[in-house]
Each structure stands twice: as structure tokens, then as C-alpha cells.
Amino acid sequence: MAKSQVVAKGGYKPLSSARVWQDYLTMTKPKVVAMLLLTALVGMCLAVPGIPPLKAVVFGLVGIGLQSAAAAAFNHVLDRRFDAKMARTYHRPLAKGRVETHKAVAFACVLMVAGFVVLWQLNALTAWLTFASLIGYAVVYTVWLKHATPQNIVIGGLAGAAPPLLGWTAVTGELHPHALLLVMLVFTWTPPHFWALAIHRRDDYAKAGIPMLPVTHGIGYTKTMVLLYTLMLALVGLLPWLTGMSGWLYLIGSSALNLGFIGYAVKLKFADEPGHAWATFKYSIWHLLALFVVLLADHWLAALLI
């Protein structure tokens, strides 16, 4: 059985095949991809009154998943030197030297091409939009925005907000204002989600020289921005109901979730305690997942009542 090697003190230490596959899986950020696919699936379901076509669901999720995994792998490649300086990421395969850079690039390219080909079987619009999102995250955000401005996550968050739109177009082959509302929800959610993490890991980012908001403007200012964005998210969260896209179940569920997020942000700003920024970050993940589940439940309830 072929073995990979990694530099270790005193020479090269062979790695088992299982560890090699684990490293390649790690580069795809499977938990992040899973969350993106959930939002894409909800976009698919909301695009039609009933159950979306099986081909669109399977090909769409596989293609979006492959492209998202490719973007994550490219992120590992491009950020490997910065990852090596941060406690949160120093153990990543490329930062540790367990995977050679050229192999990681080849792996990412295979995922990217495979994802594009799969999505092309559905429609060109989804294939190109997904590819544009990959470029937005892997190149525009990782290479430029992340190191150029403390507003990096605000501008770059558009790429991460695209999956529900991609799911919608995978089913319909066309853009729709309701799909753009889903993008707005994720786009507005992204800054308070990530800034809570950035507060928790402020010293890490400072050590790596990455101009995240807590590094450039201070933790107090960042807490204020987290609170303001959670308030904005609550307002944006009303739009699906106000436009008739969703009904009362969504309004009640989303309002409760958004009030919870605001509660975390208020405490972070005015009554912070050790570990609360991390708790806010974790709540934000469950918030988004639950928000999209509520969207889907409301949609199917409305379909049953017709």
C-alpha cells in the first residue's frame, strides 16, 4: 500500500492511507459544505410548489458540493502560510506539510472541473454562477479582500451567500427575486457570525497579520457592529413575509431566532464575559440552520393547505 510522507524531526514519517484521505477530506471543509448544501436544498424546494425534480436535486447538490469543496481546498492552499501562524488552523494539512501544495492544487482543480461538468448537465446559468462564487471566495476574498480591508467578510460574504440562489437556479434555470431574498438573509447573517469568531480569535488574526475588524478597530467597535448587523438581520428577515414569499410560521420562527441572536449580541456588547463571543458564534450557526428549516417548513405547510 502506498504511503505519503511528512517532514518530522529526524526525517520523514510515513502516514497511513486513512490519514491521507482524512487530510484531503479536511481540506474540503465538510461541515461548512454541509451547511451550504442545506441552504441550497431549501432554495431548490422553495423554487417550486411541490417536490423539486430528483435530477435537479441530485445533480445540483453534487455539483454545488464539489465546487464548494474545491473553493475550500483552494482556500487551504492560498492561506497555508497564514494558517501555520494561527492556533485555530496551524494543524491543517498544508500548514503542517502533510499534503504537498501541488497535490492540493490538483485535487482542488479536479473537484472544480467535476462540479462544473455536473452542473452543466442541468443548465449553464447554475454552472457559471457556482463557478463565479468559487472564484469570489477562493480568489477575490482569500487572496485580496481578506488581507486588504477589515470589511473583508462583508464584501466577500456574497460568495458564501450564493448557495440558496444556486439551488433555485438548479431547479428553474432562471433568476427570481425570492431567490435573491434568500441571498440577502445569508449575506446579512455572515458579518455578525464571523465577527463573533474574530473577537474570540483576535490575537490569532493579529499574529498572522490579517486585518480583521477586531484587530484594526478594536473589540469594542466590533461588538457594536455585531449588534447592528443582528438588528439589520432581523429587519431583512421580515422581507420573505412582507413580500408574500413565506407565511406566519416563518414570521414567528424567524422572529424568535433573530431575537435570540440579538440577545446574544446585546450581552456581547454590554455584559460580555469570557467565552461569550464563542457562544455567540456557535449560536449563529444553529440560527442559520434553523432559519432555513423554518423557511422550508412554512413552504411545505402552505403547499399542504392549498
Compare all side-chain heavy atoms of V226 with those of K269 and state whether any distance is below 4.5 angstrom. no

Okay, side chain of D83, backbone of Y90: is any donor-acceptor separation there less than 3.5 Å? no

What's the spacing between Q121 CD and F116 CZ if we round to 0.5 Å? 10.5 Å

W144 vs V139 side-chain heavy atoms within contact, under 4.5 Å: no

Work out which heavy atom in P163 is nearest to a heavy atom in A159; give both atom names and the distance. CD-O, 4.0 Å

Got L134 and T130 here, is their nearest side-chain heavy-atom distance under 4.5 Å? no

Less than 4.5 Å apart, any side-chain heavy atom of Y205 and any of P211? no

All heavy atoms of T169 vs all of E174, minimum pair found to be CG2-O, 3.6 Å

Let me check something: do V110 and V99 share a hydrophobic cluster, defined by ILVMFWY side-chain heavy atoms less than 4.5 Å apart, either directly or through other members? no

Considering the options R98, H76, K96, which one meets the side-chain hydrogen bond (donor to acceptor under 3.5 Å, both in side chains) requirement together with D23? R98

Would you say the ring centroid of Y229 lies under 6.0 angstrom from that of W189? no

What heavy-atom pair brings G237 and L185 nearest, and what distance separates the two atoms? CA-CD2, 3.6 Å

Quick one: does any side-chain atom of H276 pair with a main-chain N or O of Y264 as donor and acceptor, under 3.5 Å? yes

Listed once per pair and sorted, the salt bridge (Lys or Arg N to Asp or Glu O under 4.0 Å) pairs that draw on residues 29-58, sequence neighbours left out: none

Look at the side-chain heavy atoms of Ile, Leu, Val, Met, Phe, Trp and Tyr, link any pair under 4.5 Å apart, and say whether V293 and L289 land in one connected group. no

Apart from I252 itself, what residues make up its hydrophobic cluster when side-chain heavy atoms of I, L, V, M, F, W and Y under 4.5 Å apart count as a link, directly or indirectly? none

Members other than L25 in its cluster, when Ile, Leu, Val, Met, Phe, Trp, Tyr link by side-chain heavy atoms under 4.5 Å? none

List the steps and the verdict of side-chain contact (heavy atoms from CB on, under 4.5 Å) for I199 and L213. CA-CA 8 Å; I199 290 172; L213 198 63; over 6 Å; no

Strictly distance-based, threshold 3.5 Å: is any side-chain N or O of T126 a donor or acceptor partner for the main-chain N or O of A170? yes

Could you tell me which non-hydrogen atom of L122 sits nearest to which non-hydrogen atom of G60, and how far apart they are? CD1-N, 3.5 Å

Hey, what's the ring geometry for F281 with H193, parallel, tilted or perpendicular (30° and 60° as the breaks)? parallel

Value for CZ (F131) from CG (L119), rounded to nearest 0.5 Å, stands at 12.0 Å

Check: D204 side chain, A87 main-chain N or O, donor-acceptor pair, under 3.5 Å: yes

Looking at L36, is its backbone amide N or carbonyl O close enough to the side chain of T39 to form a donor-acceptor pair, meaning the two atoms are under 3.5 Å apart? yes

Atom of G43, atom of L182 and distance for their closest heavy-atom approach: CA-CD1, 4.0 Å

Can you find a heavy atom in the side chain of H287 that is under 4.5 Å from one in the side chain of L233? yes

Got M27 and R92 here, is their nearest side-chain heavy-atom distance under 4.5 Å? no

Is any side-chain heavy atom of V20 less than 4.5 Å from a side-chain heavy atom of Y24? yes

Hey, any chance V33 and I64 share a hydrophobic cluster, counting ILVMFWY side chains that come within less than 4.5 Å of each other, even indirectly? yes

If only atom types and distance count, is the side chain of N258 paired as donor or acceptor with the main-chain N or O of S254 below 3.5 Å? yes

Looking only at heavy atoms, what is the nearest atom pair of F107 and A73, with distance? CD2-CB, 4.3 Å

Would you check, one step at a time, whether the test side-chain contact (heavy atoms from CB on, under 4.5 Å) holds for V183 with L158? CA-CA 8 Å; V183 173; L158 187 59; 4.1 Å; yes

Output side-chain donor-acceptor pairs under 3.5 Å for residues 146-157, partner residues at least two apart or in another chain, one line each.
residue: K146; atom: NZ; partner: D79; partner atom: OD2; Å: 2.5
residue: H147; atom: NE2; partner: T142; partner atom: O; Å: 3.3
residue: T149; atom: OG1; partner: Q151; partner atom: N; Å: 3.0
residue: N152; atom: ND2; partner: K146; partner atom: O; Å: 3.1
residue: N152; atom: ND2; partner: T149; partner atom: O; Å: 3.1

Under 4.5 Å between side-chain heavy atoms, counting indirect links through other Ile/Leu/Val/Met/Phe/Trp/Tyr residues: same cluster for L291 and W168 or not? yes

Taking salt bridge (Lys or Arg N to Asp or Glu O under 4.0 Å) as the cut-off, I'd like each qualifying pair that reaches into residues 207-236, sequence neighbours left out, listed once. K223-D272

Yes or no on side-chain contact (heavy atoms from CB on, under 4.5 Å) for W286 and F261, after CA distance, side-chain angles and deciding distance? CA-CA 10 Å; W286 290 109; F261 204 167; over 6 Å; no

Answer with yes or no whether the hydrophobic clustering places F59 together with V62; edges join I, L, V, M, F, W, Y residues whose side-chain heavy atoms lie under 4.5 Å apart. yes

Point-to-point distance, once rounded to the nearest 0.5 Å, from CG of L249 to NE2 of H299: 12.5 Å

Interatomic distance, CG@D203 vs CE@M86, rounded to 0.5 Å, equals 10.5 Å

For the CE atom of M44 and the CG atom of L166, what is their distance to the nearest 0.5 Å? 8.5 Å

Enter the distance from F187:CZ to L180:CG here, rounded to the nearest 0.5 Å. 12.5 Å

Below 4.5 Å, heavy atoms only, C-beta onward: do L257 and Y283 meet side chain to side chain? yes

Taking it one step at a time, do L37 and S68 satisfy side-chain contact (heavy atoms from CB on, under 4.5 Å)? CA-CA 9 Å; L37 289 180; S68 299; 5.5 Å; no

Taken in chain and number order and not counting sequence neighbours, the residues that satisfy side chain to side chain contact (heavy atoms under 4.5 Å, CB included) with L181 are H178, M184, L239, T243, M245

